[in-house]
A.B. asks: 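Submitted below is the structure of interest, expressed as structure tokens.
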Amino acid sequence: MDGQWLQWIRGMVTVQIRGGEPEQLVNRALEGGLQLSSIQWTSTDRLQFELSVNDFFRLRKYLKKTGCRVHVTRRTGLPFWLVKMQKRKLFAAGILLFFVGVYLLSSLVWSVEVKGNVKLTDEQIFAAAKQEGLFPMQWTFRLQDAGLLSKRLVNKLPGATWIGVERKGTKVIIQVVETTEPDKQELQNPRHLVASADAVVTEIYTEKGRAVVKKNMKVREGQTLISGTIGGGAYTQTVVAKGSVRGLVWYEYDITSPLTQQTKVYTGEKKTKWYAMIGGRALQVSGFGGNPFETFETVVYEEQAAWRSWHLPLGRLKKTIMEVRTEERELAEDEAKSAGMLQAKANVMLKAGADAVIRNEIVLHEKTDNGKVYMKVHFEVEQSIVKEMPLVQMQGE
């Protein structure tokens, strides 16, 4: 391999010998110290071999003595490449600028990524890193030593016990380990569990305290369900009541649902704009001109160039502008009722809680007027009906 590189630097030519005495030419050249390689007959009267540029000029005296003529068929190596570059100065300058540009771009921090943070926000960490000179578009040779930078970031972020800084190509990763704090204990003041709404009890489970209601019992809002007072007389004590109580709760909703529904439709007409992305900046290259649509939606798709694990600061961005229009759709009464009922059920579940179940629905009244359906609906919902009420002890108890 080293010999091939040496030959390339010196320059090699491939020649064909015609006429005279080719065998004598080869013998005399080898005796004179010339280095010939790949010697072969290409036809009955033509001999071909390779030799260096210096040996080619020394070959002339042997050509005269043997009456041979020479024809160069191939030139390879650094001397010939330099000659070509002299003729193509702009091309050579472009190659040089390309490699200089790649080197400069690879010497920049293109992105900073944060991992491991839960309580500390990305913005807090980015702000602290920027104060220490770590931010996108910063030169990598201007960054502090990773160990020193880690210590300084820990000092700036009290919620972190350890911070690691790692550079991968043009990306810097900040790994954060936050301070672990013991879970805050809930306040354990004595309390009752009382009804959060008028309801009929369907299920009761007492973990701590004393149940004062039973299944199928009707309760009113604020009524005690599980008492935090247990025992009696001199043995009375207060505890933190714990448990769950579910019950049937009733809701009434007035629903108004239009018979005309407006929907969004894509017409199929669109305009595409392409942008070249260079260092976070977008340069438009096609799709010039204004937006031809009165109502539209825009979809943006971006691609970033990458080489192995490096994300290069080059890419392209496609912006598609699609025309839309609003169409009106006439609904049947049953469709309008269903749409209104679905909206009312969503409101009920939002108010009653995620674990609530709608057990029954009754339409109390309905009518159609002025292009709308009006309904009064009664919902029977099974849900949790407990809320806490602190139990205040009197002095001397």
Side-chain angles (χ1 to χ4, degrees), residues 184 186-230 238-264 326-392:
K184 294 181 179 179
E186 295 182 9
L187 295 176
Q188 298 293 307
N189 294 328
R191 68 187 182 191
H192 294 314
L193 294 182
V194 300
S196 59
D198 295 348
V200 172
V201 177
T202 59
E203 179 183 301
I204 182 168
Y205 168 73
T206 304
E207 183 179 346
K208 197 171 185 180
R210 177 172 53 89
V212 295
V213 297
K214 297 180 180 180
K215 186 177 179 180
N216 298 325
M217 183 181 292
K218 188 173 182 179
V219 296
R220 302 192 66 81
E221 182 178 358
Q223 183 177 337
T224 302
L225 304 176
I226 300 177
S227 174
T229 303
I230 60 176
T238 57
V239 298
V240 179
K242 292 183 181 179
S244 63
V245 183
R246 293 176 64 83
L248 292 177
V249 181
W250 298 272
Y251 298 88
E252 277 191 3
Y253 270 86
D254 291 318
I255 299 173
T256 302
S257 183
L259 292 171
T260 302
Q261 185 181 63
Q262 292 187 337
T263 57
K264 181 176 64 178
T326 302
E327 292 185 350
E328 290 188 350
R329 174 173 170 261
E330 295 294 331
L331 300 179
E333 283 193 25
D334 290 342
E335 290 179 310
K337 290 178 185 178
S338 297
M341 191 70 77
L342 284 175
Q343 183 61 49
K345 287 181 179 180
N347 293 336
V348 168
M349 295 301 291
L350 185 64
K351 187 174 182 179
D355 61 343
V357 179
I358 297 177
R359 295 299 184 189
N360 194 15
E361 56 190 58
I362 301 172
V363 178
L364 302 176
H365 174 72
E366 67 174 84
K367 70 174 182 177
T368 302
D369 190 21
N370 294 327
K372 295 180 181 179
V373 175
Y374 299 90
M375 294 187 294
K376 182 183 286 292
V377 183
H378 178 92
F379 291 102
E380 190 176 75
V381 182
E382 185 180 10
Q383 66 180 72
S384 172
I385 59 170
V386 296
K387 67 178 180 179
E388 299 175 3
M389 185 181 76
L391 198 161
V392 181

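Worth knowing before you read on, the calculation uses all heavy atoms, side chains too, and leaves out hydrogens, waters and symmetry mates.
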A.B. asks: When rounded to the nearest 0.5 angstrom, what distance separates CE in M341 from CG in D334?
C.D. replies: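 Output value for this atom pair is 11.0 Å.
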A.B. asks: Could you give all pairs that pass the salt bridge (Lys or Arg N to Asp or Glu O under 4.0 Å) test and reach residues 201-213, with sequence neighbours left out?
C.D. replies: none
A.B. asks: How many angstroms lie between atom OG1 of T256 and atom CE of M375, to the nearest 0.5 angstrom?
C.D. replies: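 The CE atom of M375 is 9.0 Å from OG1 of T256, to the nearest 0.5 Å.
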A.B. asks: Using the test salt bridge (Lys or Arg N to Asp or Glu O under 4.0 Å), find all partners of E380 that sit at least two apart in sequence or belong to another chain.
C.D. replies: none
A.B. asks: Output all residues satisfying side-chain hydrogen bond (donor to acceptor under 3.5 Å, both in side chains) with Y253, sequence neighbours left out; order by chain, then residue number.
C.D. replies: none
A.B. asks: Which distance, rounded to the nearest 0.5 Å, do you find between the CE of M349 and the CD of Q383?
C.D. replies: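 It is 9.5 Å, given to the nearest 0.5 Å.
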A.B. asks: Closest heavy-atom contact between L259 and A332?
C.D. replies: CD2-O, 4.1 Å
A.B. asks: Does the side chain of L193 come within less than 4.5 Å of V245's, by heavy atoms?
C.D. replies: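 The answer is no; the side chains never approach within 4.5 Å.
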A.B. asks: Between side-chain atoms of residues 355-365 and protein atoms elsewhere (two or more places apart, or another chain), which donor-acceptor pairs fall under 3.5 Å?
C.D. replies:
| residue | atom | partner | partner atom | Å |
| --- | --- | --- | --- | --- |
| D355 | OD2 | R246 | NH1 | 3.2 |
| R359 | NE | E382 | OE1 | 2.8 |
| R359 | NH2 | E382 | OE1 | 2.5 |
| E361 | OE1 | K345 | NZ | 3.0 |

A.B. asks: Considering residues at least two apart in sequence or located in another chain, which fulfil the side-chain contact (heavy atoms from CB on, under 4.5 Å) criterion with D198?
C.D. replies: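 D198 satisfies side-chain contact (heavy atoms from CB on, under 4.5 Å) with R220, E221 only.
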A.B. asks: In Å and rounded to the nearest 0.5 Å, what is the CE to OG distance from M389 to S196?
C.D. replies: 13.5 Å
A.B. asks: Under the criterion side chain to side chain contact (heavy atoms under 4.5 Å, CB included), I'd like the reasoning laid out for I255 against Q343: C-alpha separation, chi angles, the key distance, then a yes or no.
C.D. replies: CA-CA 9 Å; I255 299 173; Q343 183 61 49; over 6 Å; no
A.B. asks: So, for A352 and V381, which heavy atoms are closest and what is the spacing to 0.1 Å?
C.D. replies: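 So the minimum-distance heavy-atom pair works out to CB-CG1, 4.1 Å.
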A.B. asks: Once salt bridge (Lys or Arg N to Asp or Glu O under 4.0 Å) is applied, do any residues pair with R329, and if so which ones, sequence neighbours excluded?
C.D. replies: E335
A.B. asks: Of all the heavy-atom pairs spanning V249 and A199, show the shortest one and how long it is.
C.D. replies: CG2-CB, 3.8 Å
A.B. asks: Report the residues that fulfil side-chain contact (heavy atoms from CB on, under 4.5 Å) with E328, sequence neighbours left out, ordered by chain and then residue number.
C.D. replies: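 For E328, the residues satisfying side-chain contact (heavy atoms from CB on, under 4.5 Å) (neighbours in sequence not counted) are T260, Q262.
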A.B. asks: Please name the pair of heavy atoms, one in Y374 and one in D369, separated by the smallest distance, quoted to 0.1 Å.
C.D. replies: CE1-O, 3.5 Å
A.B. asks: K218: which residues meet the side-chain contact (heavy atoms from CB on, under 4.5 Å) condition with it, sequence neighbours left out?
C.D. replies: V200
A.B. asks: Where do I204 and A211 come nearest, in terms of heavy atoms and distance?
C.D. replies: CD1-CB, 3.9 Å
A.B. asks: Any idea which heavy atoms bring V219 and A195 closest together, and the distance?
C.D. replies: CG2-CB, 4.1 Å
A.B. asks: Are the side chains of I226 and V386 in touch, meaning some heavy atoms are under 4.5 Å apart?
C.D. replies: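 Not touching, per the 4.5 Å side-chain cut-off.
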A.B. asks: Which residues satisfy the salt bridge (Lys or Arg N to Asp or Glu O under 4.0 Å) test with K264, sequence neighbours excluded?
C.D. replies: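 For K264 the salt bridge (Lys or Arg N to Asp or Glu O under 4.0 Å) partners, ignoring immediate neighbours, are E297.
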A.B. asks: Name all residues meeting the side-chain hydrogen bond (donor to acceptor under 3.5 Å, both in side chains) criterion together with K376; count only those two or more places apart in sequence or in a different chain, and write none if there are none.
C.D. replies: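 With sequence neighbours excluded, K376 shows a side-chain hydrogen bond (donor to acceptor under 3.5 Å, both in side chains) to D254, given in chain and number order.
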A.B. asks: Among residues at least two apart in sequence or on other chains, which ones pass side-chain contact (heavy atoms from CB on, under 4.5 Å) with T229?
C.D. replies: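 With sequence neighbours excluded, T229 shows a side-chain contact (heavy atoms from CB on, under 4.5 Å) to H192, S227, T236, T238, L391, given in chain and number order.
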A.B. asks: Is there a donor-acceptor pair under 3.5 Å between the side chain of R191 and the backbone N or O of A241?
C.D. replies: yes
